[in-house]
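Working notes, structure below.
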Amino acid sequence: MVILVKAIAIDGPAGAGKSTIARAVAQAMGYIYVDTGALYRAIGLGVCLLGLDPHNEKDVTDALDSITVTLRFVEGEQRVFLNGHDVSGEIRQPQISMAASQVASIGAVREFLFSLQKDMAKKNNVVMDGRDIGTVVLPQADVKIFLTASPEERAQRRYDELMLKGEKTTYEEVLADVKQRDYNDTHRDISPLRQAQDAILVDTTGITLEQSIQKVHDTAVQKLSTQTSC
Ligand code: DC
(Lines give C-alpha, C1' and ligand atoms only; values in the text may rest on other atoms or scores of the structure.)
Protein backbone atom coordinates (compact mmCIF):
# COMPACT_ATOMS: atom_id res chain seq x y z
CA MET A 1 0.00 0.00 0.00
CA VAL A 2 1.32 3.44 -0.90
CA ILE A 3 0.89 5.97 1.87
CA LEU A 4 0.71 9.52 0.61
CA VAL A 5 2.41 11.89 2.96
CA LYS A 6 2.96 15.62 2.70
CA ALA A 7 6.08 17.60 3.44
CA ILE A 8 6.54 21.26 4.16
CA ALA A 9 10.18 22.38 4.05
CA ILE A 10 11.17 25.55 5.88
CA ASP A 11 14.71 26.80 5.40
CA GLY A 12 16.42 29.99 6.41
CA PRO A 13 19.18 31.56 8.48
CA ALA A 14 19.62 31.25 12.25
CA GLY A 15 17.14 33.23 14.29
CA ALA A 16 14.57 33.79 11.53
CA GLY A 17 11.96 32.17 13.78
CA LYS A 18 11.90 28.89 11.84
CA SER A 19 11.47 26.56 14.80
CA THR A 20 8.72 28.53 16.56
CA ILE A 21 6.86 29.11 13.31
CA ALA A 22 7.34 25.57 12.00
CA ARG A 23 6.17 24.07 15.32
CA ALA A 24 3.03 26.23 15.36
CA VAL A 25 2.22 25.48 11.71
CA ALA A 26 2.76 21.73 12.26
CA GLN A 27 0.45 21.80 15.27
CA ALA A 28 -2.26 23.68 13.37
CA MET A 29 -2.06 21.23 10.48
CA GLY A 30 -1.68 18.02 12.54
CA TYR A 31 1.79 17.36 11.06
CA ILE A 32 4.96 16.27 12.89
CA TYR A 33 7.50 19.03 13.39
CA VAL A 34 11.10 17.96 12.69
CA ASP A 35 13.82 20.37 13.81
CA THR A 36 16.89 19.21 11.85
CA GLY A 37 19.16 21.80 13.49
CA ALA A 38 18.85 19.71 16.67
CA LEU A 39 20.59 16.83 14.87
CA TYR A 40 23.60 18.99 13.93
CA ARG A 41 23.62 20.36 17.47
CA ALA A 42 23.69 16.81 18.88
CA ILE A 43 26.74 16.01 16.75
CA GLY A 44 28.34 19.33 17.83
CA LEU A 45 27.71 18.40 21.46
CA GLY A 46 29.03 14.86 20.95
CA VAL A 47 32.23 16.20 19.40
CA CYS A 48 32.70 18.70 22.25
CA LEU A 49 32.11 16.01 24.88
CA LEU A 50 34.83 13.92 23.24
CA GLY A 51 37.16 16.92 23.60
CA LEU A 52 37.56 17.28 19.83
CA ASP A 53 37.84 20.42 17.71
CA PRO A 54 34.57 20.75 15.69
CA HIS A 55 36.63 22.26 12.82
CA ASN A 56 38.80 19.16 12.49
CA GLU A 57 37.24 17.25 9.61
CA LYS A 58 39.20 14.03 10.16
CA ASP A 59 38.61 13.85 13.92
CA VAL A 60 34.92 14.68 13.55
CA THR A 61 34.49 12.14 10.74
CA ASP A 62 36.23 9.41 12.80
CA ALA A 63 34.14 10.31 15.85
CA LEU A 64 30.91 9.56 13.95
CA ASP A 65 31.62 5.83 14.45
CA SER A 66 31.09 6.30 18.18
CA ILE A 67 28.09 8.61 17.94
CA THR A 68 24.44 7.66 17.57
CA VAL A 69 21.75 10.30 17.17
CA THR A 70 18.06 9.47 17.34
CA LEU A 71 14.85 11.45 17.34
CA ARG A 72 11.80 10.52 19.38
CA PHE A 73 8.49 12.25 19.70
CA VAL A 74 7.06 12.55 23.20
CA GLU A 75 3.52 13.96 23.23
CA GLY A 76 4.19 15.49 19.82
CA GLU A 77 7.43 17.18 20.98
CA GLN A 78 10.70 16.22 19.37
CA ARG A 79 13.41 14.94 21.72
CA VAL A 80 16.95 14.33 20.49
CA PHE A 81 19.12 11.58 21.92
CA LEU A 82 22.90 11.37 21.76
CA ASN A 83 24.18 7.84 22.44
CA GLY A 84 20.88 7.08 24.17
CA HIS A 85 20.82 10.20 26.39
CA ASP A 86 18.22 12.91 25.99
CA VAL A 87 20.27 16.04 25.20
CA SER A 88 17.36 18.23 24.02
CA GLY A 89 18.23 20.88 26.64
CA GLU A 90 22.02 20.77 26.48
CA ILE A 91 22.18 21.32 22.72
CA ARG A 92 20.69 24.82 23.13
CA GLN A 93 23.81 26.26 24.82
CA PRO A 94 25.41 29.09 22.79
CA GLN A 95 28.78 27.28 22.43
CA ILE A 96 26.95 24.30 20.95
CA SER A 97 25.33 26.59 18.34
CA MET A 98 28.77 27.44 17.01
CA ALA A 99 30.02 23.84 17.19
CA ALA A 100 26.89 22.73 15.27
CA SER A 101 27.54 25.30 12.58
CA GLN A 102 31.15 24.07 12.28
CA VAL A 103 30.39 20.34 12.10
CA ALA A 104 27.56 21.07 9.62
CA SER A 105 30.15 22.04 7.00
CA ILE A 106 31.66 18.53 7.11
CA GLY A 107 30.36 16.24 4.34
CA ALA A 108 30.50 13.07 6.45
CA VAL A 109 28.27 14.72 9.09
CA ARG A 110 25.70 15.75 6.48
CA GLU A 111 25.68 12.23 5.01
CA PHE A 112 25.38 10.72 8.47
CA LEU A 113 22.18 12.71 9.12
CA PHE A 114 20.71 12.56 5.62
CA SER A 115 18.79 9.26 5.81
CA LEU A 116 17.55 9.97 9.32
CA GLN A 117 15.89 13.15 8.04
CA LYS A 118 14.62 11.54 4.84
CA ASP A 119 13.10 8.59 6.73
CA MET A 120 11.09 10.91 8.97
CA ALA A 121 9.40 12.37 5.92
CA LYS A 122 8.72 8.97 4.33
CA LYS A 123 6.33 7.87 7.03
CA ASN A 124 4.81 11.08 8.37
CA ASN A 125 3.29 14.35 7.27
CA VAL A 126 6.07 16.70 8.30
CA VAL A 127 6.99 20.30 8.68
CA MET A 128 10.78 20.07 8.59
CA ASP A 129 13.04 23.03 9.18
CA GLY A 130 16.73 23.51 8.52
CA ARG A 131 19.09 24.96 5.93
CA ASP A 132 18.97 22.47 3.03
CA ILE A 133 15.58 20.81 3.38
CA GLY A 134 14.04 22.26 0.21
CA THR A 135 17.28 21.99 -1.76
CA VAL A 136 18.82 18.66 -0.70
CA VAL A 137 16.93 16.61 1.89
CA LEU A 138 13.39 16.92 0.49
CA PRO A 139 13.74 18.43 -2.98
CA GLN A 140 10.23 17.08 -3.79
CA ALA A 141 8.61 18.75 -0.75
CA ASP A 142 5.02 19.83 -1.45
CA VAL A 143 5.65 23.29 -0.01
CA LYS A 144 8.97 25.10 0.33
CA ILE A 145 9.32 28.25 2.37
CA PHE A 146 12.47 30.34 2.75
CA LEU A 147 12.09 32.24 5.98
CA THR A 148 14.31 35.19 6.71
CA ALA A 149 14.66 38.48 8.61
CA SER A 150 17.41 41.10 8.86
CA PRO A 151 20.53 40.06 10.87
CA GLU A 152 19.85 42.86 13.37
CA GLU A 153 16.29 41.73 14.02
CA ARG A 154 17.35 38.09 14.31
CA ALA A 155 20.11 39.04 16.75
CA GLN A 156 17.66 41.08 18.85
CA ARG A 157 15.23 38.15 19.06
CA ARG A 158 18.01 35.72 20.03
CA TYR A 159 19.37 38.20 22.57
CA ASP A 160 15.91 38.59 24.17
CA GLU A 161 15.57 34.78 24.38
CA LEU A 162 19.00 34.39 26.00
CA MET A 163 18.23 37.17 28.50
CA LEU A 164 15.03 35.38 29.49
CA LYS A 165 17.09 32.24 30.13
CA GLY A 166 19.50 34.29 32.27
CA GLU A 167 22.47 33.80 29.91
CA LYS A 168 25.26 36.40 30.14
CA THR A 169 25.92 38.02 26.78
CA THR A 170 25.59 41.32 24.92
CA TYR A 171 23.56 42.27 21.84
CA GLU A 172 26.84 42.93 19.98
CA GLU A 173 28.11 39.43 20.76
CA VAL A 174 24.86 37.86 19.61
CA LEU A 175 24.88 39.92 16.39
CA ALA A 176 28.49 38.89 15.66
CA ASP A 177 27.51 35.26 16.30
CA VAL A 178 24.48 35.52 13.97
CA LYS A 179 26.66 37.02 11.22
CA GLN A 180 29.37 34.39 11.69
CA ARG A 181 26.82 31.56 11.50
CA ASP A 182 25.22 33.14 8.41
CA TYR A 183 28.65 33.21 6.82
CA ASN A 184 29.40 29.59 7.78
CA ASP A 185 25.99 28.37 6.62
CA THR A 186 26.04 30.17 3.25
CA HIS A 187 29.70 29.65 2.35
CA ARG A 188 30.25 25.97 3.06
CA ASP A 189 30.99 23.80 0.02
CA ILE A 190 28.37 21.15 0.77
CA SER A 191 24.66 22.00 0.93
CA PRO A 192 25.10 25.72 1.65
CA LEU A 193 22.09 27.65 2.86
CA ARG A 194 20.28 29.06 -0.16
CA GLN A 195 16.72 29.59 -1.27
CA ALA A 196 15.44 26.75 -3.48
CA GLN A 197 14.27 27.99 -6.86
CA ASP A 198 10.70 26.97 -6.13
CA ALA A 199 10.64 28.20 -2.51
CA ILE A 200 8.36 31.02 -1.42
CA LEU A 201 10.23 33.81 0.37
CA VAL A 202 8.74 34.97 3.68
CA ASP A 203 10.54 37.91 5.32
CA THR A 204 9.53 38.34 8.97
CA THR A 205 11.40 41.62 9.56
CA GLY A 206 9.04 44.04 11.28
CA ILE A 207 6.12 41.63 11.63
CA THR A 208 4.99 39.88 14.80
CA LEU A 209 5.41 36.19 15.49
CA GLU A 210 1.64 35.66 15.19
CA GLN A 211 1.61 37.39 11.80
CA SER A 212 4.57 35.29 10.65
CA ILE A 213 2.87 32.05 11.72
CA GLN A 214 -0.31 33.08 9.92
CA LYS A 215 1.60 33.98 6.78
CA VAL A 216 3.48 30.66 6.63
CA HIS A 217 0.35 28.67 7.50
CA ASP A 218 -1.77 30.39 4.85
CA THR A 219 0.98 30.03 2.24
CA ALA A 220 1.28 26.30 2.96
CA VAL A 221 -2.48 25.66 2.95
CA GLN A 222 -2.88 27.57 -0.30
CA LYS A 223 0.01 25.71 -1.98
CA LEU A 224 -1.30 22.32 -0.83
CA SER A 225 -4.80 23.11 -2.08
CA THR A 226 -3.51 23.76 -5.60
CA GLN A 227 -1.91 20.31 -5.81
CA THR A 228 -3.67 17.44 -7.51
CA SER A 229 -3.55 14.01 -5.87
CA CYS A 230 -2.46 12.12 -8.99
O1 DC B 1 18.67 25.73 13.23
P2 DC B 1 19.80 25.66 14.27
O3 DC B 1 20.35 27.00 14.64
O4 DC B 1 19.41 24.85 15.46
O5 DC B 1 20.97 24.85 13.51
C6 DC B 1 22.23 24.62 14.10
C7 DC B 1 23.29 24.56 13.01
O8 DC B 1 23.08 23.39 12.22
C9 DC B 1 23.27 25.74 12.04
O10 DC B 1 24.37 26.61 12.23
C11 DC B 1 23.40 25.14 10.67
C12 DC B 1 23.26 23.68 10.85
N13 DC B 1 22.16 23.11 10.08
C14 DC B 1 22.44 22.70 8.80
O15 DC B 1 23.56 22.90 8.31
N16 DC B 1 21.47 22.08 8.08
C17 DC B 1 20.26 21.86 8.58
N18 DC B 1 19.34 21.24 7.86
C19 DC B 1 19.96 22.32 9.89
C20 DC B 1 20.93 22.95 10.61
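Atoms within a ligand are numbered from 1 in the order they appear, just like the ligands themselves.
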request  = Can you pull out the closest protein heavy atom to atom 11 (C) of ligand 1? Residue, atom name and distance to 0.1 Å, please.
outcome  = Asp185 OD1, 3.4 Å
key: Given Leu64, Thr61, Ile67, the one that forms side-chain contact (heavy atoms from CB on, under 4.5 Å) with Val109   = Leu64
ask   = Between Thr36 and ligand 1, does any nitrogen or oxygen pair lie at a separation below 3.5 Å?
value = yes
remark   = Ranked by distance from atom 7 (C) of ligand 1, the top protein heavy atom is Ala100 CB, 3.8 Å
request  = For Gly130, take its heavy atoms, then give the atoms of ligand 1 lying under 4.0 Å from any of them.
outcome  = 17 (C), 18 (N), 19 (C)
task = Without swapping roles, check the side chain of Arg110 against the backbone of Ala104 for a donor-acceptor pair under 3.5 Å.
result = yes
Heavy-atom nearest option to atom 1 (O) of ligand 1, drawn from Gln117, Arg110, Arg131 = Arg131
Residue, atom name and distance, where the atom is the protein heavy atom closest to atom 8 (O) of ligand 1 = Tyr40 CB, 3.4 Å
task = Starting from atom 12 (C) of ligand 1, find the nearest protein heavy-atom neighbour and note its residue, name and distance.
result = Ala104 CB, 3.7 Å
message = I want to know if ligand 1 touches Arg41 in the polar sense, i.e. an N/O pair below 3.5 angstrom.
response = yes
inquiry  = Is it the case that ligand 1 has an N or O less than 3.5 angstrom from some N or O of Arg181?
reply    = yes
ask   = Do any nitrogen or oxygen atoms of Arg188 come within less than 3.5 Å of a nitrogen or oxygen of ligand 1?
value = yes
Side chain to side chain contact (heavy atoms under 4.5 Å, CB included) partners for Ala121, two or more places apart = Val126, Met128, Leu138
query = About how many Å separate CG of Asp203 and OG of Ser212, when rounded to the nearest 0.5 Å?
reply = 9.0 Å
Glu161 CD: over 12 foreign heavy atoms closer than 6.0 Å = yes
key: Interfacing atoms of ligand 1 (cut-off 4.0 Å, heavy-atom, Ser101)   = 10 (O)
task = Check each of Ile43, Ile96, Val47 against Pro54 using the side-chain contact (heavy atoms from CB on, under 4.5 Å) test, and report the only one that passes.
result = Val47
query = Can an N or O of Arg158 be found at a distance shorter than 3.5 Å from an N or O of ligand 1?
reply = no
query = Where the side chain of Lys122 meets the backbone of Val5, is there a donor-acceptor pair that is under 3.5 Å apart?
reply = no
ask   = Do other residues, nucleotides or ligands put more than 12 heavy atoms under 6.0 Å from Gln27 CD?
value = no
